[in-house]
Amino acid sequence: MEITVEIAKMKKLIITVAQTGGLHGKDINPALPEQPKEIAQSAYDCYNAGASVCHIHARDRQGHTTGDLEIYKEILTEIKAKSPIITQVGNGIGAVPRPDGSRTAASLDERMPLTVIEPKPDMLTINMGTFEFDYIDTFENPMWWNEDFCKRCNERDIAIECECYDISHIFNALELVKRGVLHTPVHFSLVLGVTGGMPFTPKLLATMVDTIPEGSSWQVITLSKHQLPSTVMAMCQGANIRTGLEDNIYYSKGELAKSNAQLVERMVRIAREIGREVATVEEAAEMMGVKRE
Ligand code: KMH
Ligand code: ZN
């Protein structure tokens, strides 16, 4: 895909906030929202700061990562009651505690029920290939399962975001397009810097962007110290961006972020400085083919 460099010709910027994640918790940054009301308040603050999409993971009452649909229900209900921000549930769930004391990646059987969450999320994330996630576990995302997941999203009119950790994952997404289950334009998230996937370098990002078809939308997801520079780069190339404590617990080196909204506010300031207009929720929904209830 051609990279746009003229700011005036760029589409409006969609800012996604990934507030919670499925790995770390309040133990490493107390500002990370874990409980439904806290997640909804943080989403409201991020919406007011300029985010149009809220990427969601659930935690149980103890703050442990969970696939409990009742908790997702509470989170979605609370978010929707407070703001019109687009809701996007991450289908990876994260690392779940097990009775033997270990924590392992949520299984395919634990993850498929996310397609029936009530109230309906606006979007669901699909992770586009199986790989070893950060030495933690095998992150299983087989093609047959992604195809089934996609079909179930289509049945409920849930829009899809495709997270690609490797160039081959882009081709996996395109295969689903060929099979007629993933609709175009595809919304790619290019995830760089997860051990087991591709590392972040500007060259690798450019190669990935080069691989995705014209007309797609893309955003970059990177972790920790790479997040600010990579998102600024993406912003200057007409892409969307994602920020939030799921991906980066710091505001600057050694300084913890005070909130998700603080990270969103910074991205909005930078967008304004470079002349990139920030999309409203309505504009983002239109651009991503999100059908609101
Ligand atoms: N933490 C991201 C790198 C998901 O939610 O399904 C992975 C993620 C996946 O966002
Ligand atoms: Zn996620």
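Side chains are part of it too, since the values below use all heavy atoms of this structure and drop only hydrogens, waters and symmetry mates. Whatever order the structure lists ligands and atoms in, that order sets their numbers, starting from 1. As the structure is a computational prediction, the values presented were derived from the model and not from experiment.
At a 4.0 Å heavy-atom cut-off, ligand 1 does not touch Leu23 at all.
Applying the 4.0 Å criterion to heavy atoms of His55 picks out, from ligand 1, the atoms 5 (O), 10 (O). Taking every heavy atom of Gly90 and a limit of under 4.0 angstrom, the matching atoms of ligand 1 come to 4 (C), 5 (O), 6 (O). The ligand atoms of ligand 1 that sit less than 4.0 angstrom from a heavy atom of Glu163 are 7 (C), 8 (C), 9 (C), 10 (O). Every atom of ligand 1 with a heavy atom of Asn91 under 4.0 Å away is listed here by number and element: 6 (O). In the vicinity of Thr125, heavy-atom distances shorter than 4.0 Å reach the ligand 1 atoms 6 (O). Close contacts between ligand 1 and Tyr165 involve ligand atoms 7 (C), 8 (C), 9 (C) [criterion: under 4.0 Å to a heavy atom]. For ligand 1, the atoms lying closer than 4.0 Å to a non-hydrogen atom of Glu246 are 1 (N), 2 (C), 7 (C), 8 (C), 10 (O).
Stacking of Arg111 on the aromatic ring of Phe149 is not recorded, the 6.0 Å distance cut-off and the 45° axial limit not both being met.
Note: Phe133 and Tyr165 have perpendicular aromatic rings, judged against thresholds of 30 and 60 degrees for the angle between ring planes. Between Phe200 and His226, the ring planes are tilted. Angles from 30° to 60° get that label.
Thr16 and His55 form no side-chain donor-acceptor contact under 3.5 Å, judged by distance and modelled atom types alone. There is no side-chain donor-acceptor pair under 3.5 Å between Thr130 and Glu140.
Within the coordination shell of the Zn ion (ligand 2), defined by N, O or S atoms under 2.8 Å, Glu246 is present.
For the side-chain hydrogen bond (donor to acceptor under 3.5 Å, both in side chains) with Asn127, the qualifying choice from Asn91, Asn146, Asn172 is Asn91, the only one to do so.
In terms of polar-atom proximity, defined here as any N/O pair under 3.5 Å, Gly92 does make such a contact with ligand 1.
Looking at atom 3 (C) of ligand 1, its nearest protein heavy atom turns out to be Val191 CG1, 3.9 Å.
Of all heavy-atom pairs between Ala173 and Cys162, the closest is CB-SG, 4.5 Å.
No more than 12 heavy atoms of other residues, nucleotides or ligands lie within 6.0 Å of CD in Glu2, so this atom counts as exposed by the packing criterion.
Residue contact check for ligand 1: Arg242 places a non-hydrogen atom closer than 4.0 Å to it.
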